[in-house]
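For reference, the structure discussed in these notes is given below.
Lettering follows sequence order; numbering is per chain, from 1. What you see below is based on every heavy atom in this structure, not just the backbone, and it leaves out hydrogens, waters and symmetry mates.
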Amino acid sequence: MNGSAARKLLVLVGPTGSGKSETAIRLAQALDGEIISADSRYLYRELNIGTAKPTPDELTLVPHHLINVTTLDNPWSLGVYQKVAHHLIQQINLRGHLPILAGGTGQYVRALTEQWEIPAQAPEHQLRDAIALWGQRIGFDALHQRLARLDPEAAQFIDYRNKRRTIRALEVIFSTGQRFSDQRKKSISPYQQLIIGIAWPRELLYERIDARIDAMFAAGLVEEVQELVDSGYAEALKRMGIIGYSEVLQHLEGKCSLEEAKEMIKHNTRVFVRRQANWFKANDPKIHWFNATDPAMLAHMLDLIKAVF
RNA sequence: GGACGGUUACCCAAGUGGACAACGGGGACUGACUGUAAAUCAGUUGGCAGAGGCCUUCGGAGGUUCGAAUCCUUCACCGUCCA
């Protein structure tokens, strides 16, 4: 392919704790790359220890994007993320650098690699609350039946028990006057892209994660959460449901011991790893998986990348 | 030594003669996902079969009954109390 014409995109995926951040830095150093984070929790300045965000030192090694770009008061959503990320990919290509999209938020990655067209309607919380209230009154089954009348297709792919998605679909329909299902599309990626993944044997990955969580506590996770609570972010943390923060918060509220909180974090992180695997499947033909236990993993990645770009 | 109470599937636990392969929860597995996504939600979870269905399970052994996880006898183990 004529390299100057098509915009390039290297994508690095893998479960939490797989070493994406570190690998992305190595790749960027070797390939004159810039990293675009695809991690929904790295966006927030206030979240640090519990998210295993790259350290300030690491962030200076190569250009990083979409880390610490907003605050908990002003949460980003898929639409904002997607728009900014597309723009960054373009800019980095224009600079003659290689954009490296690295992260574990499957939805964000797919929205870019599959060129999702998402409903233009930004979240409208008042409307959502109103719909939720309505649902409480008439019953959420009835709410879903209402959706089925307005947009049968959407009602088919949204489970009637999934309140959040039912409400969002209705929100979009009411605000735009158009069917939700007509406003979501996907197509071929506009990028010349290569997706690589870091694969670990589960047990080894779990061990790494456990060790990392112990290290988070040693590094002051409890203090970080306490500071957030003191700054009035308890509700925001609860609403977002961030692993590590939710559990410590429960401990700070006296609902469980510190040790229990730690165990819950370990367990919830494991569950999260498995749910991430729904987006990044071992048998996905689009993902080129590399074995993390191979000492030459990075060299193999570079061989493939250089062959493609 | 005696008196009660208990032993149910990976774990906890309901079930005390028939609708029981056995409620529920946890865990695990699989999946969905289009502006909260580290969110939200679903299916499966004794074995075999595409289904009807068939086979093996409720601590062990034996018995009663047309029929037992459920009743009886006995053995084993655990718990509390009395010696």
Side-chain angles (χ1 to χ4, degrees), chain A residues 15-17 20 37-44 47 49-53 70 72-86 103-125 127-129 132 140 144 151 153-173 175-176 178-187 202 206 209 212-213 216 235-249 263-284:
Chain A
T16 190
K20 290 185 298 294
S37 164
D39 190 307
S40 66
R41 307 282 109 132
Y42 287 0
L43 297 168
Y44 302 96
L47 269 25
I49 297 170
T51 59
K53 191 186 278 176
T70 187
L72 293 172
D73 295 323
N74 189 16
W76 277 26
S77 58
L78 177 66
V80 179
Y81 175 85
Q82 187 194 31
K83 196 171 147 198
V84 178
H86 269 136
T105 301
Q107 192 195 36
Y108 288 7
V109 172
R110 286 279 183 83
L112 294 170
T113 61
E114 295 180 345
Q115 184 68 350
W116 284 7
E117 251 176 67
I118 64 178
Q121 178 58 40
E124 212 173 284
H125 297 285
L127 181 54
R128 277 185 195 183
D129 292 346
F140 279 94
H144 192 270
D151 187 346
E153 200 184 318
Q156 216 158 32
F157 60 67
I158 297 174
D159 191 280
Y160 68 96
R161 288 157 293 198
N162 197 329
K163 295 176 189 171
R164 187 170 287 185
R165 300 224 292 135
T166 301
I167 290 171
R168 151 104 289 228
L170 288 169
E171 175 198 0
V172 169
I173 292 167
S175 334
T176 64
Q178 293 173 41
R179 289 184 176 186
F180 178 69
S181 59
D182 289 340
Q183 301 182 61
R184 29 167 270 162
K185 301 186 174 80
K186 66 175 160 187
S187 53
R202 273 279 163 82
Y206 288 164
I209 286 170
R212 189 166 84 168
I213 291 166
M216 286 176 184
E235 283 313 308
L237 291 178
K238 280 182 195 168
R239 184 163 12 91
M240 293 176 75
I242 310 166
I243 297 172
Y245 294 78
S246 303
E247 297 84 350
V248 170
L249 200 57
E263 288 310 307
M264 279 195 289
I265 293 172
K266 288 177 180 175
H267 173 253
N268 291 337
T269 307
R270 290 179 183 206
V271 172
F272 174 50
V273 163
R274 289 180 237 123
R275 269 186 297 125
Q276 280 179 305
N278 272 325
W279 294 98
F280 312 125
K281 288 188 200 298
N283 60 5
D284 185 338

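- Evaluation of the side-chain contact (heavy atoms from CB on, under 4.5 Å) rule for A:Gln107 yields A:Leu78, A:Trp116, A:Trp279 as partners, not counting sequence neighbours.
- In this structure, A:Tyr245 has no ring pair (Phe, Tyr, Trp, His ring centres under 6.0 Å) partners at least two apart in sequence or on a different chain.
- To the nearest 0.5 angstrom, A:Glu171 atom CD is 9.5 Å from A:Thr176 atom OG1.
- Taking atom CZ of A:Arg212 as the reference point, atom P of B:A38 lies 13 Å away to the nearest angstrom.
- Looking at heavy-atom distances under 4.0 Å, A:Arg128 makes contact with a base.
- For A:Val80 and A:Gly241, each mapped to the nucleotide of RNA chain B holding its nearest heavy atom, the one lying further toward the 5' end belongs to A:Val80.
- Close to B:A28, at under 4.0 Å from its OP1 or OP2, lies a side-chain N or O of A:His267.
- The CE-P distance, from A:Met240 to B:U40, rounds to 12 Å in whole Å.
- Here the side chains of A:Asp151 and A:Leu170 are not in contact, with every heavy-atom distance at 4.5 Å or above.
- When the side-chain contact (heavy atoms from CB on, under 4.5 Å) test is applied to A:His267, the partners found at least two apart in sequence or on another chain are A:Val271.
- Across the protein-nucleic acid pair, A:Phe272 atom CZ and B:A37 atom C1' stand 8 Å apart, rounded to whole Å.
- Residue contacts shown for A:Tyr108 are limited to sugar-phosphate atoms, with no base heavy atom under 4.0 Å away.
- The C1' atoms of B:C54 and B:A49 are separated by 8 Å, rounded to the nearest whole Å.
- For B:A38, the OP1/OP2 oxygens have a side-chain nitrogen or oxygen of A:Thr105 closer than 4.0 Å.
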Could you provide the dot-bracket string of RNA chain B, using ( ) for intrastrand pairs, [ ] for crossing pairs and | for bases paired to another strand, with Watson-Crick or G-U pairs below 3.5 Å?
((((((((.[[[..)..(.....]]]((((((.......))))))(((....)))...[[[[[..)....]]]]]))))))).

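- For the side-chain contact (heavy atoms from CB on, under 4.5 Å) test, residues two or more places apart in sequence or in another chain that qualify with A:Arg41 are A:Asp39, A:Thr51, A:Met240, A:Ile242.
- A:Thr16 and A:Arg212 share a donor-acceptor pair across their side chains, judged by distance under 3.5 Å alone.
- Mapping A:Ala120 and A:Gly244 onto RNA chain B by nearest heavy atom places A:Ala120 closer to the 5' end of the strand.
- In this structure, A:Thr51 reaches the bases: a heavy-atom distance under 4.0 Å links it to at least one base atom across the strands shown.
- Rounded to whole Å, the separation between the C1' atoms of B:G67 and B:G17 comes to 8 Å.
- In this structure, CG of A:Leu47 is placed 12 Å from P of B:A37, rounded to the nearest angstrom.
- Counting non-hydrogen atoms under 4.0 angstrom, A:Asp39 reaches a base of the nucleic acid.
- Residue pairs that meet the salt bridge (Lys or Arg N to Asp or Glu O under 4.0 Å) test with at least one member in residues 104-118 of chain A, sequence neighbours left out, are A:Arg110-A:Glu114, A:Glu114-A:Lys186.
- As rounded to the nearest Å, B:G18 and B:A3 have P atoms that lie 30 Å from one another.
- Using a 4.0 Å heavy-atom cutoff across all strands shown, A:Gln121 reaches at least one base atom of the nucleic acid.
- Comparing B:U8 with B:C20, their C1' atoms are spaced 12 Å from each other, to the whole Å.
- As a whole-Å value, the separation of A:Leu112 CG from B:G35 C1' is 13 Å.
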Verdict with reasoning, A:Arg168 to A:Gln121, per side chain to side chain contact (heavy atoms under 4.5 Å, CB included)
CA-CA 10 Å; A:Arg168 151 104 289 228; A:Gln121 178 58 40; 3.7 Å; yes

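- Using a 4.0 Å heavy-atom criterion, one finds that A:Gly103 contacts no nucleic acid atom at all.
- Between A:Arg239 atom CZ and B:A38 atom P the separation is 16 Å, expressed in whole Å.
- Between the CG atom of A:Leu72 and the P atom of B:A38 there is a distance of 15 Å, rounded to whole Å.
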Go along nucleotides 29-34 of chain B 5' to 3' and tag each nucleotide: B for a protein heavy atom under 4.0 Å from its base, S when only backbone or sugar atoms are that close, - otherwise.
S-BSBB

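- Rounding to whole angstrom units, CG of residue A:Leu237 and P of B:U36 are separated by 18 Å.
- A:Arg41 comes within contact range of at least one nucleobase, with a heavy-atom separation under 4.0 Å.
- Straight-line distance between the C1' atoms of B:A22 and B:G46: roughly 11 Å, to the nearest whole Å.
- Remark: the separation of the P atoms in B:U30 and B:A68 is 39 Å, to the nearest Å.
- Scored by the side-chain contact (heavy atoms from CB on, under 4.5 Å) test, A:Ala132 finds A:Ile167 as partners (sequence neighbours excluded).
- In this structure A:Tyr81 satisfies the ring pair (Phe, Tyr, Trp, His ring centres under 6.0 Å) test together with A:Tyr108, sequence neighbours excluded.
- To the nearest whole angstrom, the two C1' atoms, one in B:U40 and one in B:C33, are 9 Å apart.
- For the C1' atoms, the distance from B:A37 to B:A32 is 13 Å, rounded to whole Å.
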